[in-house]
Amino acid sequence: MFRKIRFLTLVLPILISLSQVEPAYSYPVGDEDLGLPPSYSMSSSRSAAEQIEEPAPAHVPSPRQYQVNRGDTLYKIARDFDVDVSMLIASNDIQNPNRLTIGQSITIPISETNGGLTNEQPKIIQKVINTTLTAYTAGFESTGKKASHPEYGITYSGKKAKEGRTIAVDPAVIPLGSTVFIEGIGIRKAEDIGSAIRGSRIDVFMNDLSEAQEFGVKKNVKVYLLAKENV
């Protein structure tokens with residue numbers, strides 16, 4: 001009897017105190033009152049592949065500007081840029097199509113056939129030339145100079161020839177130092193001349209002789225002489 005009383009006296013308070021302790025962890029059934037920080041919030045039911053992405057805004061090309069030269073007509077400018085004369089007149093609010101001023105700036109509207117030159121910056125074009133393209137290297141086959149020559153690989157302008165930049169031109173047609181855009185090739189710099197480069201012919205510099213030979217001769221390629229404001 002004494003043992004039962006002693007047992008109840010010792011154990012009963014412990015049982016009562018345990019029944020009053022709140023559980024250390026609670027797991028809510030619903031997610032209405034989760035109150036979790038953002039880093040532990042429940043993931044979306046849609047996977048990343050199912051997320052709807054907003055389309056990137058379409059790039060609108062900047063218009064190009066052409067500076068009128070002596071002898072230019074609206075018809076010639078329209079032909080050089082593959083646009084209709086009516087588009088030139090409308091884009092520039094021209095009242096008299098037969099009267100252009102040397103140095104006048106003409107906005108060239110963008111069309112599907114003439115968009116090769118456009119990018120984030122507008123281009124001011126001084127001249128459009130129909131050219132014949134060939135390619136050359138720094139080697140003996142092109143320049144008559146061997147690698148041991150002190151001027152091997154040096155252009156007429158004094159700069160070292162570089163593929164992707166250097167072209168040889170006739171300075172009477174394209175002044176040395178000018179920047180041009182060649183259709184199908186890109187931006188190039190007039191840094192060199194050549195005995196065979198006369199008139200509207202252009203020699204494109206390449207490092208590899210076999211690539212230069214494979215380049216061959218390309219006729220009727222449009223070249224745009226860019227104004228200094230672009231560079």
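Values below: all heavy atoms of this structure, side chains included; hydrogens, waters and symmetry mates excluded. Residue numbers start at 1 and run along the sequence shown.
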Exercise for the section: Kindly determine whether I106 and D72 satisfy side chain to side chain contact (heavy atoms under 4.5 Å, CB included), including the steps that lead there. Expected result: CA-CA 11 Å; I106 299 290; D72 277 340; over 6 Å; no
Handout entry: Flag if over 12 foreign heavy atoms under 6.0 Å of NZ, K162
Key = no
Problem - Under 3.5 Å donor-acceptor, N96 side chain and N98 backbone - result: yes
Practice task
State whether a side-chain donor-acceptor pair under 3.5 Å links T107 with Q65.
Solution key: yes
Handout entry: Q95 versus D93, side-chain donor and acceptor atoms under 3.5 Å
Key = yes
Fill in the blank from the handout: Closest heavy-atom pair, K160 versus T155, reported as atoms and distance to 0.1 Å, is C-CG2, 4.4 Å
Practice task
Taking all non-hydrogen atoms of both residues into account, name the closest pair between A168 and I197 and its distance.
Solution key: O-CG2, 3.7 Å
Exercise for the section: Check whether any side-chain N or O of R70 sits under 3.5 Å from a backbone N or O of I102 as a donor-acceptor pair, and report yes or no. Expected result: no
Problem - Flag for E191-S157: side-chain donor and acceptor within less than 3.5 Å - result: no
Practice task
Among D170, T132, T134, T131, find the residue that satisfies the side chain to side chain donor-acceptor pair (under 3.5 Å) test when tested with R201.
Solution key: T134
Exercise for the section: Flag the pair K222 / D82 as yes when at least one side-chain heavy-atom distance between them is below 4.5 Å, and no otherwise. Expected result: yes
Practice task
Go through the steps for F181 and I125 under the test side chain to side chain contact (heavy atoms under 4.5 Å, CB included), then give the verdict.
Solution key: CA-CA 9 Å; F181 175 84; I125 300 165; over 6 Å; no
Exercise for the section: Measure the shortest side-chain to side-chain distance between L133 and I182 over non-hydrogen atoms and say whether it is less than 4.5 angstrom. Expected result: yes
Problem - Exercise: identify the closest heavy-atom pair between M206 and A135 - result: SD-CB, 4.1 Å
Practice task
List the steps and the verdict of side chain to side chain contact (heavy atoms under 4.5 Å, CB included) for I174 and I202.
Solution key: CA-CA 9 Å; I174 300 176; I202 292 178; 3.7 Å; yes
Practice task
Verify the neighbour count for atom CZ of F215: are there more than 12 heavy atoms of other residues, nucleotides or ligands below 6.0 Å?
Solution key: yes
Exercise for the section: Using modelled atom types only, decide if a donor and an acceptor are shared between the side chain of Q104 and the backbone of T101 within a distance under 3.5 Å. Expected result: yes
Handout entry: Heavy-atom check, side chain of N130 versus side chain of S200, under 4.5 Å
Key = no
Practice task
State whether the side chain of N92 and the backbone N or O of I89 hold a donor-acceptor pair below 3.5 Å, judged by distance alone.
Solution key: no
Exercise for the section: Return the minimal non-hydrogen interatomic distance between R188 and I185, and the atom names on each side. Expected result: NH2-CG2, 3.3 Å
Exercise for the section: Over all heavy atoms of both residues, which pair between S178 and L225 is shortest? Give the atoms and the distance, please. Expected result: CB-CD1, 3.5 Å
Practice task
Considering non-hydrogen atoms only, spot the tightest contact between F140 and K146 and give its length.
Solution key: CD1-CG, 4.0 Å
Problem - Any side-chain heavy-atom pair of V169 and D192 under 4.5 Å - result: no
Handout entry: Student check: side-chain heavy atoms of Y66 and L88 closer than 4.5 Å
Key = no
Exercise for the section: Measure the OH-CG distance between Y136 and L209 for me, rounded to the nearest 0.5 Å. Expected result: 14.0 Å
Problem - Student check: side-chain heavy atoms of I124 and L226 closer than 4.5 Å - result: no
Handout entry: 4.5 Å side-chain heavy-atom contact, V180 and I129
Key = no
Exercise for the section: Report yes if the distance between the aromatic ring centroids of Y224 and F81 is under 6.0 Å, otherwise no. Expected result: yes
Handout entry: Beyond-backbone contact of N207 with T137, side-chain heavy atoms, under 4.5 angstrom
Key = no
Problem - NZ/NE/NH1/NH2 to OD/OE distance under 4.0 Å, K127 and D80 - result: no
